[in-house]
There are 2 protein chains.
Amino acid sequence: MDTQNEKLTIQQVAELTGLSVHTLRYYERIGLIHAIDRAQNTHRRYSMDDVGWIDFLNKLRAAGMSIQQMQAYSELQRQGDVTLPERVEMLKTLRLQAEACMDELRENLKIIHYKIDYYEGVIAEGENLQEVS
Amino acid sequence: MDTQNEKLTIQQVAELTGLSVHTLRYYERIGLIHAIDRAQNTHRRYSMDDVGWIDFLNKLRAAGMSIQQMQAYSELQRQGDVTLPERVEMLKTLRLQAEACMDELRENLKIIHYKIDYYEGVIAEGENLQEVS
DNA sequence: TCTTGACTTAGAGTGCGCTCTAAGTTGTAA
DNA sequence: TTACAACTTAGAGCGCACTCTAAGTCAAGA
């Protein structure tokens, strides 16, 4: 079995990547994905490499990269290894942003945690008072 | 000095909370903030309690709560302590979501980390080859 | 042959969370 | 008194990231 060359329909890729078929076409249109190969009937046929790239795009998104930045990254990627230093810079910047974001989130969660504890205290007190009265 | 009763202008509250004056009025309009006290000239005058509430709203936002959910939360808050259990539930749900989000982000960052290391290896290799040739 | 369903395109529409505009009022300082 | 800055309102506009629509093509199965 030549699994390397098996080609996937847009529907299958949507299921594999969690993106909708609409979004897959949208990503291709705006240049996040290169022009996908076509079957004779003009239908898209994705390779596993394509799926790998889309998975990576998903990670960039989830890490907080904007569509615009992803367009820039994809363009660099298409230009080959010459742009590796630039791409590394982008990834490093993204990492810093994401880490800052996580630190802030952690702080906020701490405060929300306190709030939950405090409120549960108040609720417990209210129940005790009811028992007394 | 009666700092408790000092009242702040919308501009001052914008600076204190990091929200724009537009956003402060917007939040009030959609019910995230109760109707703020007015000076004789109809200008808003915020109390420090108001600022505290707005800071808390900011934390909810930063933790990923939507405006809609914040509207619901604010409405419950206005109804008083009877709604404490419901609010605690909302906060607990938010905490779970935020923690899941952080876990995912951590995973993605790990992969981005690997990618950076790998690319830096490729770049270093390329430089070595150049020295040889 | 006919229907069904998966695909295609260009382009319009949506929901979110602001963000800005226009027109008007008020208070202070030159 | 006149300029200016800070505020007010209702409502329009915007950027992002999709998401959907309409109209059409094509291949397989009843």
Side-chain angles (χ1 to χ4, degrees), chain A residues 6-47 50-51 54-74 94 97 101 104 108, chain B residues 6-47 50-51 54-74 94 97 101 104 108:
Chain A
E6 270 189 64
K7 293 287 193 161
L8 303 164
T9 67
I10 196 165
Q11 186 58 53
Q12 290 170 317
V13 173
E15 275 153 28
L16 279 174
T17 61
L19 295 178
S20 71
V21 296
H22 295 298
T23 302
L24 284 170
R25 284 192 282 254
Y26 165 67
Y27 274 15
E28 188 176 338
R29 194 164 64 216
I30 66 171
L32 291 188
I33 306 173
H34 68 85
I36 295 293
D37 284 353
R38 302 300 176 113
Q40 296 94 314
N41 58 8
T42 75
H43 292 192
R44 286 173 180 81
R45 288 295 175 264
Y46 292 79
S47 70
D50 295 333
V51 173
I54 294 162
D55 280 340
F56 180 59
L57 288 180
N58 271 334
K59 290 185 204 319
L60 294 181
R61 279 295 296 133
M65 192 181 270
S66 72
I67 294 284
Q68 271 203 3
Q69 286 174 307
M70 283 165 60
Q71 287 175 309
Y73 191 97
S74 304
L94 180 66
Q97 284 170 356
C101 177
E104 200 202 320
N108 289 336
Chain B
E6 269 189 65
K7 292 288 193 160
L8 303 164
T9 66
I10 196 166
Q11 186 59 51
Q12 290 171 317
V13 173
E15 276 152 28
L16 278 174
T17 61
L19 295 178
S20 71
V21 295
H22 294 298
T23 302
L24 285 171
R25 285 192 280 254
Y26 166 66
Y27 274 16
E28 188 176 335
R29 194 164 62 214
I30 67 172
L32 292 188
I33 306 172
H34 68 86
I36 295 292
D37 283 353
R38 302 303 177 112
Q40 295 94 314
N41 58 7
T42 75
H43 293 191
R44 286 172 181 81
R45 289 292 175 264
Y46 293 79
S47 71
D50 295 333
V51 173
I54 295 163
D55 280 340
F56 180 60
L57 288 179
N58 271 335
K59 290 184 204 319
L60 293 180
R61 279 295 296 135
M65 191 181 272
S66 72
I67 293 285
Q68 271 201 8
Q69 286 173 308
M70 282 165 60
Q71 286 175 309
Y73 191 96
S74 304
L94 180 67
Q97 284 170 356
C101 176
E104 200 203 321
N108 289 336

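In what follows, chains carry the letters A, B, and so on, assigned in the order in which the sequence lines appear, proteins first and then strands, with residues in each chain numbered from 1. Only heavy atoms go into these numbers, but all of them, side chains included; no hydrogens, no water, no symmetry mates.
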CG (N108(B)) and CE (M65(A)) are apart, to the nearest 0.5 Å, by 12.0 Å
By salt bridge (charged side-chain N to carboxylate O under 4.0 Å, His left out), D37(B) pairs with (sequence neighbours left out) K7(B)
Query raised in the report: Any side-chain N or O of R61(B) under 4.0 Å from OP1/OP2 of dG17(C)?
Result: yes
Of the listed dC7(D), dT8(D), dG17(C), the closest approach to the Q11(B) side chain comes from dC7(D)
Polar-atom pairs under 3.5 Å, protein N or O versus N or O of nucleotides 24-30 of chain D: list them with distances, or write none.
none

note: L8(A), atom CG; dA6(C), atom P; distance rounded to Å ~ 16 Å
Review point. Does Y26(A) have a side-chain nitrogen or oxygen under 4.0 Å from the phosphate oxygens OP1 or OP2 of dC20(D)?
Key: no
R44(A) side-chain N/O to dT8(C) phosphate OP1/OP2 under 4.0 Å: yes
In whole angstroms, the gap separating C1' of dC20(C) from CG of L19(B) amounts to 16 Å
Separation of dA6(D) atom C1' from Q12(B) atom CD, nearest Å, is 12 Å
From CD1 of I30(B) across to C1' of dA10(D) the rounded distance in Å is 16 Å
Taken to the nearest whole Å, CG/L57(B) to P/dC18(C) is 11 Å
Atom CG of D37(A) and atom C1' of dC7(C) are separated, to the nearest Å, by 16 Å
*asked:* When you measure from the side-chain N and O atoms of Y27(B) to the phosphate of dC18(C), is any distance below 4.0 Å, counting only OP1 and OP2?
replied: yes
In this structure, OH of Y27(A) is separated from CD1 of I36(A) (nearest 0.5 Å) by 14.0 Å
To the nearest angstrom, the CZ-C1' distance between R38(A) and dC7(C) comes to 10 Å
Residues at least two apart in sequence or cross-chain that pass side-chain hydrogen bond (donor to acceptor under 3.5 Å, both in side chains) with Q71(A), listed by chain then number, are none
Considering only heavy side-chain atoms of R29(B), the closest of dT9(D), dT8(C), dA10(D) is dA10(D)
Query - Non-hydrogen side-chain atoms of Y46(B) and I54(B) separated by less than 4.5 Å - result: yes
Assert: residue with more 5' nearest nucleotide on DNA chain C, out of T23(B) and R45(A), is R45(A)
Under 4.0 Å, counting only non-hydrogen atoms across every strand here, what does R25(B) touch: a base, just sugar-phosphate, or nothing? base
In whole angstroms, the gap separating C1' of dT14(C) from CD of Q68(B) amounts to 14 Å
Heavy atoms of A35(A) and E28(A) approach each other most closely as CA-OE2, 3.6 Å
Value for CG (L32(B)) from CG (L60(B)), rounded to nearest 0.5 Å, stands at 9.5 Å
